[in-house]
Amino acid sequence: MKAALLRAGWIAALILLLHGGLWFALPAAVGPSARQWALGLGEVLAIVPSVLILLALFDVWVPREVIERGLGTGSGARGVLLALLLGTGAAGPLYAAFPIALSLREKVARTANLVIFLGAWATIKLPMLMMESAFLGTRFAMLRLALTLPGILAVGFLLERMNPWPTPDHRPPP
Amino acid sequence: MFPLVLAGLAVGGVTLSAFRDPARTRRALAQAGRSGLNLLPSLLALTAGIGLTLALIPPSALARLFHAHGILGFGLLAGVGSLLTIPGPVAYPLAGSLHQLGASLPALATFITTLTMVGLLTAPLEVKAFGRRFTLLRQAFSLGLALLIGALMGVLL
């Protein structure tokens, strides 16, 4: 927590330093650049906090264990739905989902459900859809969702078919 | 409009949640604060980078780059997107700015999908967790999906 704050401070200082240097090299560019920065930051800060709060509420109210139990081999369409739901859980880049996916794999989740979970985590969180609409238009967000959803399911089942862990030594460590 | 709707949903959700279970709500808010703090450095850098770019390179030149070289712009965005993995809250503002600069929506659809699903730079982490074959297959299929989505968006939008 402190480290992130410190990193933000360093980056802000670096940006100010850069603008200071710009003052000497290209004085005319300082105003527009700083204005654009403030505008962009305002636009982002108007949206991101709400999105993060909605994601966190989802995370604390939908118990992860209940979902995880329904992801096994015989889970069928319900398992796929749960994998999608689990993927919309928390904020963070895809690599933040790897530890969770690994624990799912240890609990014998189906390969297809595992891949679908990763895909859902990456691109189709509901609060993020609203963010996508805000920045790129509702039509764009809805159309991309309509194309991505079946795509992620296809990737999941295709990958399971191709058996990504053919021999025991290719398996992830238990 | 959207910021207001989102804020309304967040306030409503927190209120409802606080009535049902204050302790759990506090946990959610702390978690949201933590992820916000973790995102802050990249958001600062992103917005400043866009600001500098816009101030130093005239928008008309950037727009010309995206217009004159449609395929090149598409390839460039897909390439950069495949290399990096960026969380959504940072990816969408970036895509929005690129759109204002003249990048086409289909190219941005591919950009966002690769940006969030494919990541060559973070592939070692995935290999460590799931093995080489799984990583290769998942990233290759995801890249194919991203390109397909871009092509279909070009037809449908």
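Because the structure is predicted, anything quoted here is derived from the model rather than measured. A note on names: the letters A, B, ... follow the listed sequences, proteins ahead of strands, and every chain is numbered from 1. All values below were derived from every heavy atom in this structure, side-chain atoms included, with hydrogens, water molecules and symmetry-related copies excluded.
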Check [X] against [Y] and note the closest heavy-atom contact, atom names and distance.
{"X": "G13(B)", "Y": "L57(A)", "value": "C-CD1, 3.5 Å"}
{"X": "F98(A)", "Y": "T122(B)", "value": "CE1-O, 4.4 Å"}
{"X": "A122(A)", "Y": "M117(B)", "value": "CB-CG, 3.6 Å"}
{"X": "A48(B)", "Y": "W37(A)", "value": "N-CD1, 3.2 Å"}
{"X": "A4(A)", "Y": "P41(B)", "value": "O-CG, 3.7 Å"}
{"X": "A28(B)", "Y": "A56(A)", "value": "O-CB, 3.2 Å"}

Distance (rounded to the nearest 0.5 Å) between L37(B) CG and L6(A) CG: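 These two atoms lie 11.0 Å from each other.
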S142(B) OG to L118(A) CG distance, which is reported to the nearest 0.5 Å: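 Output value for this atom pair is 9.0 Å.
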Residue list, side-chain hydrogen bond (donor to acceptor under 3.5 Å, both in side chains) with E160(A), at least two apart or on another chain: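 R110(A).
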side-chain hydrogen bond (donor to acceptor under 3.5 Å, both in side chains) involving R35(A) - partner list, sequence neighbours excluded: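 side-chain hydrogen bond (donor to acceptor under 3.5 Å, both in side chains) list for R35(A), sorted by chain: empty.
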Proximity breakdown for L145(B) and chain A, heavy-atom pairs closer than 4.5 Å: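 It is the side chain, since no backbone atom gets that close.
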Part of L148(B) within contact of chain A (heavy atom distance under 4.5 Å):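 The answer is neither part of L148(B).
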Leading residue by heavy atom contact count with chain B [cutoff under 4.5 Å; candidates G151(A), P32(A), G156(A)]: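 Answer, by heavy-atom pair count under 4.5 Å with chain B: G151(A).
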Choice from M162(A), Q36(A), R139(A), E132(A) maximising heavy atom contacts with chain B below 4.5 Å: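 Most heavy-atom pairs under 4.5 Å with chain B: E132(A).
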Cluster question for you: counting only ILVMFWY and a side-chain heavy-atom cut-off of under 4.5 Å, with indirect links fine, are [X] and [Y] together?
{"X": "V14(B)", "Y": "V51(A)", "answer": "no"}
{"X": "L16(B)", "Y": "V5(B)", "answer": "no"}
{"X": "V60(A)", "Y": "L54(A)", "answer": "no"}
{"X": "I116(A)", "Y": "L114(A)", "answer": "yes"}
{"X": "I152(A)", "Y": "L136(B)", "answer": "no"}

[X], part contacting chain B, at a heavy-atom distance under 4.5 Å:
{"X": "A28(A)", "value": "neither"}
{"X": "W10(A)", "value": "neither"}
{"X": "L14(A)", "value": "neither"}

Out of [options], return the one with the most heavy atom pairs under 4.5 angstrom to chain A.
{"options": "G96(B), G119(B), A10(B), G8(B)", "answer": "A10(B)"}
{"options": "L152(B), L40(B), L156(B)", "answer": "L156(B)"}
{"options": "P106(B), A7(B), A146(B), A32(B)", "answer": "A32(B)"}
{"options": "L52(B), L29(B), L9(B)", "answer": "L52(B)"}
{"options": "G150(B), A91(B), G51(B)", "answer": "G51(B)"}

If you define the side chain from C-beta out and look only at heavy atoms, does anything of [X] sit under 4.5 Å from [Y]?
{"X": "Y92(B)", "Y": "V44(A)", "value": "no"}
{"X": "L143(A)", "Y": "L157(B)", "value": "yes"}
{"X": "P3(B)", "Y": "E43(A)", "value": "no"}
{"X": "W61(A)", "Y": "R20(B)", "value": "yes"}
{"X": "F135(A)", "Y": "I112(B)", "value": "no"}

Whether over 12 other heavy atoms sit under 6.0 Å from R24(B) CZ: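 Atom CZ in R24(B) is crowded, with more than 12 foreign heavy atoms closer than 6.0 Å.
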Donor-acceptor pair, side chain of R138(B) and main chain of L159(A), under 3.5 angstrom: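 Pair absent, no side-chain N/O of R138(B) close to backbone of L159(A).
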From L41(A), I15(A), L39(A), L45(A), residue fulfilling side chain to side chain contact (heavy atoms under 4.5 Å, CB included) relative to T47(B):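 For T47(B), the side chain to side chain contact (heavy atoms under 4.5 Å, CB included) check succeeds only for L41(A).
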